[in-house]
Number of protein chains: 2
Amino acid sequence: MSRLFGRTLREPPSEAQTPGHQLMLRAAIARPLAAGLYTWLPLGFRVAKKVERIIREEQDRIGAQEMEMPVLTPAEIWKTTGRWDVLEPITFRTKDHNGREFMVSYTHEEAIHLHAMNEILSYRQLPATVYHFQSKGRDEVRPRAGLLRVREFVMKDAYSFDMDQAGLERSYAAEHGAYVRTFQRLGLAAISVESDTGAMGGDIAHEFQVLTEVGDDRIAICPSGDYSANLERAVRRLDRPAETPKGAPSEIATPGTTTIDGLEALLQLPASAFLKTLLVKDRAGKSFAVVLPGDRTLNEAKLRKRLDMAEIRFAGDADFAAAGSVPGYIGPVGLKADVLVDVSVVAGRGYVAGANKKDAHLKYVALGRDFTGEVLDVHDVVAGDACPKCGTPLELKRGVEVGNIFAYGTYYAAKMNATYLAEDGTRKLFWGGSYGIGVGRNVQTIIETNHDDKGIIWPFAVAPYEVHVVALPMNDETVRATAEALVATLDEQGVEVLFDDRDESAGVKFADADLIGIPYRVTVSKRSLGAKSIELKPRAAKDAELVPQDVAAERILEIVRRAREAASR
Amino acid sequence: MSRLFGRTLREPPSEAQTPGHQLMLRAAIARPLAAGLYTWLPLGFRVAKKVERIIREEQDRIGAQEMEMPVLTPAEIWKTTGRWDVLEPITFRTKDHNGREFMVSYTHEEAIHLHAMNEILSYRQLPATVYHFQSKGRDEVRPRAGLLRVREFVMKDAYSFDMDQAGLERSYAAEHGAYVRTFQRLGLAAISVESDTGAMGGDIAHEFQVLTEVGDDRIAICPSGDYSANLERAVRRLDRPAETPKGAPSEIATPGTTTIDGLEALLQLPASAFLKTLLVKDRAGKSFAVVLPGDRTLNEAKLRKRLDMAEIRFAGDADFAAAGSVPGYIGPVGLKADVLVDVSVVAGRGYVAGANKKDAHLKYVALGRDFTGEVLDVHDVVAGDACPKCGTPLELKRGVEVGNIFAYGTYYAAKMNATYLAEDGTRKLFWGGSYGIGVGRNVQTIIETNHDDKGIIWPFAVAPYEVHVVALPMNDETVRATAEALVATLDEQGVEVLFDDRDESAGVKFADADLIGIPYRVTVSKRSLGAKSIELKPRAAKDAELVPQDVAAERILEIVRRAREAASR
């Protein structure tokens, strides 16, 4: 430790946002070089490599082949799928001195399809799953919480190639299984939830989420265990029958009342009595309205997916005028624009909606009679909504996405014309999926969920070292010699030992040991040697025990052996 | 092999420039994704990881600590050392959506100094050497010969921090030793040569060069073994005494004769009788003349180093006019510009030089009498020049630089004010060095120097697999069952086996085995089984031997064990 590159910090830097972020910095796991750009210090590097090794072993177990694609990939391949433009807001680009453009790769679907077209000629070579660990760039506007959301990170991304949907389903299931085992071995209580496919294309996707308050994602979970989904995709059971319209639409004066809150106060009605109408632009720049009940919020991910856009663009004043409306008083009746109606709007029920003129609303506005439109699910599920599977009230939790898997089918192959020679002599499109795990986010999530107020408590399988030997004090000849001999013996036997050989006080050394969180602390002190013993303390235990000096090495070896066995299961 | 991602090619692609480039592509080691951007296919990936492991083991052996810095690094840190501008022509840059600039890192001296300032507070923490394997970007104008010169590659770069020059010398020597062992284990006959420090700063540097005709670099080597240097830096013994000037300068008519070749023909004198004068611009844009004997070429690297410029900028017509001269007839006498004189120009000797007016030269122009200037070594050494150490005629060879080490001292620390608290209570600058090895270039250099006309002959330590089992034919039940059982046994024993389970002919399978070049080929065929044997053939050997079937697995295990032992030494 006297030469270890990376010093522990007594206090968390002020920018540290979560317990894991604080401990990661304090324990010298990683350091920022700029916002969202991190360096693994030697301790953290060892953790990252152990996480990688576990991921690798589980990928190899299902027959995936490791390879490595470059960080920089040429613009042309991204243009064949349209992702050059779609990913612009979230990616880094560069040009060479001849003006050719490259992306600091977001993922590698395009690249691997290009390779597959070249390497896989015939159905005889299928199925094939390949993977690599490679740095990814993401120009996050707001990097946050240390390694949880960064601008560069190493991802294990795997890609499967199959002959047909049935094959893809098998490959997808194999990866799903590998992920379950991977997170279990990492000591992460990850659950698999349905998720949005976002910029990846396709329709079937799962995220592995670790539920913790520090997470960015919101997950809808049925307590009965039959449904869980990212809020970006979560749906609810809706079984309210259509109603019969009552009165005809009639105008009411609502001067200066442009919000649902304002209308609730003015008309003394609940938010659910209103229609919220949003004017949005599609890919072509054309305006259209989205109508939701007043008590429901728009789910932008669902709408983005419907529009095939990376970001929702809301309309401006000129668009309102063109649609024959005014901001604050927009409603679906008589609007000169197409209408998308959220499934939460009850057909036939009389709602209060904007009258498309200043200071006025309409009451008794009914879907099906007074307006129509494409009906789809674009609202956020909230806690208490009915589970789509069993009707039980859903819970909403926060989570960190530690992995994701996508079955995109022929999405990329079709755009890139990536085909193989099928058994029947025709050329067919590859069926594909992709499967990602970010290494750094996993490391910090392990910290977020494995610590106490003194520091990290590493699961054995990913701890930077297995044993932490503390000599107290180093300037005592007997202590020093005994500790060095013990370290040498353990080293020889292949135990990973961190040796605190610094001239520091017991207080500093124990605090650092607790902070760094290596599973077993072994203290060689004047006092313990007086009792012909060394002191052994598991990081997770409250108390230390004295072990006779003459059997100490043997005892530690036995403990490490057992811990290794348990961790490899 | 039936599922291996990456297919062998019968013919080398037309763009393949060297034997190693051809074999690398044919054997499915790597594939280009764009000019100079390569993907490791699974076979090549295994080689790259073995190369990395050997490099890592030798770094760890000298106590270097592994860590990992990001690919993208912020412009600000490069600006503190001036390298943001210097490296512009050879690097990729990007901007985030807030306009902040980043470099796809060229190396990491600036980044590691920033970390060292933060992590190393006191002399007690010194010395420290850290390293990482990380992708580097180089916007090479002409990527060439496959993996020999690319635009993105993984480099192991190490950085040492010491208290003083003596410490740096120890760290540098330790890395030099690690490099010698590394290349030896990789099966590369690398020699250490003095080299230019280029964009790295400092003065002491060595390159490890593998001598081969496919190399880009030219190396001056003394056959007596006491001197070797990259041509960019190579010097020669010069011990010609100054001469006494003879006649006074007098003009001669040389109409239309603007080259040394032309003058030789016109005046019937050897090239060495002339002075060659080049008009060049310094960093500030000021013109100055470089004067060499007519038989010597300018060494741009030496001049770049003197000027501290990344590229030499030659003067234009306006600059000639300002200096009182004309292109084609420039000479040092009466020139209105500073003069740099190459050491090869003999003082006092009468040379023919340009007269600074059209169609005229001067004869009897003597250094010291008719012109003066800063004298320094800016010429290329040629074969036959005298060794600077012993006078033996030097040889010139081509080489591939497989590693380089730089002792730059306080070069970066001074620019970045990177200090530590010294034992005497003052703050002192770190003394540093950096040490690089490019993984991909090493892999291809191994191929360039280990192959025959049929394919690659991998050194055991870096072979993608240890044993290649070929079953002939796969549709024979006994052959198939025997081969599969053998593969399973070897697998269980931890032998790395590539199994050719394809329905291909003997010709195709043997050609692929020779091409891929795994050290031991084991053939299970109808014929060999008829003799109750399998056939064993080392890739490097001419002939195969028959091994009784019942001892085959044991025999192969024993051979692999011995090969592993030999390779780890």
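Chain naming here is simple, since letters A, B, ... match the order of the sequence lines and numbering starts at 1 in each.
Ranked by heavy-atom pairs shorter than 4.5 Å toward chain B, the options A:Leu4, A:Leu72, A:Thr129, A:Asp503 are led by A:Leu72. Listed options A:Leu43, A:Asn98, A:Leu121 were ranked by heavy-atom pairs under 4.5 angstrom with chain B; first place goes to A:Leu121. Top candidate by heavy-atom pairs under 4.5 Å with chain B, chosen from A:Pro89, A:Gly63, A:Ala128, A:Gly44, is A:Pro89. When the candidates A:Ile77, A:Thr94, A:Ile120, A:Val104 are compared by the number of heavy-atom contacts under 4.5 Å with chain B, A:Thr94 comes out ahead. With respect to chain A, the highest number of heavy-atom pairs below 4.5 Å among B:Leu126, B:Val130, B:Val154 belongs to B:Leu126.
Residues B:Pro74 and A:Leu33 come closest through the heavy atom pair CG-O, 3.9 Å. Shown here for A:Thr39 and B:Met69, the closest heavy-atom pair between the two residues is OG1-CG, 3.5 Å. Heavy atoms only, all atoms of each residue included: B:Gln65 and A:Pro42 are closest at OE1-CG, 3.7 Å. Here the shortest heavy-atom pairing between B:Lys49 and A:Glu68 reads NZ-OE1, 4.2 Å.
Sorted by first and then second residue, the pairs that involve residues 70-79 of chain B and meet salt bridge (charged side-chain N to carboxylate O under 4.0 Å, His left out), not counting sequence neighbours, are B:Glu76-B:Arg100, B:Lys79-B:Glu101. Pairs passing the salt bridge (charged side-chain N to carboxylate O under 4.0 Å, His left out) check and including a residue from residues 84-99 of chain B, sequence neighbours excluded, read A:Arg151-B:Asp96.
With a 4.5 Å cut-off on non-hydrogen atoms, B:Leu114 touches chain A through its side chain but not through its backbone. With a 4.5 angstrom heavy-atom cutoff, B:Ala28 does not touch chain A via any of its atoms.
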A:Arg31 vs B:Glu119, test: side-chain contact (heavy atoms from CB on, under 4.5 Å). Steps then yes/no.
CA-CA 10 Å; A:Arg31 287 279 183 269; B:Glu119 307 302 335; 2.6 Å; yes

Determine whether B:Phe5 and A:His115 satisfy the following criterion, side-chain contact (heavy atoms from CB on, under 4.5 Å), listing intermediate values before the conclusion.
CA-CA 9 Å; B:Phe5 193 85; A:His115 285 306; 3.9 Å; yes

Let's go through B:Arg7 and A:Asn118 carefully: what are the C-alpha distance in whole Å and the side-chain angles of both, what is the deciding distance for side-chain contact (heavy atoms from CB on, under 4.5 Å) to 0.1 Å, and is it a yes or a no?
CA-CA 8 Å; B:Arg7 66 193 177 89; A:Asn118 195 26; 3.8 Å; yes

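Residues forming a salt bridge (charged side-chain N to carboxylate O under 4.0 Å, His left out) with A:Glu57 (at least two apart in sequence, or on another chain): A:Arg185.
For residues 132-142 of chain A, the interface with chain B (any heavy-atom pair closer than 4.5 Å) comprises A:Gln134, A:Ser135, A:Asp139, sorted by residue number.
Here the side chains of B:Thr73 and A:Leu37 are not in contact, with every heavy-atom distance at 4.5 Å or above.
A salt bridge is absent between A:Arg46 and B:Glu66; no separation between the charged side-chain nitrogens and carboxylate oxygens falls under 4.0 Å.
Between B:Phe92 and A:Phe102, the ring-plane angle classifies as perpendicular under the 30° and 60° cut-offs.
In this structure a side-chain-to-backbone donor-acceptor pair under 3.5 Å is missing from A:Gln125 to B:Ser2.
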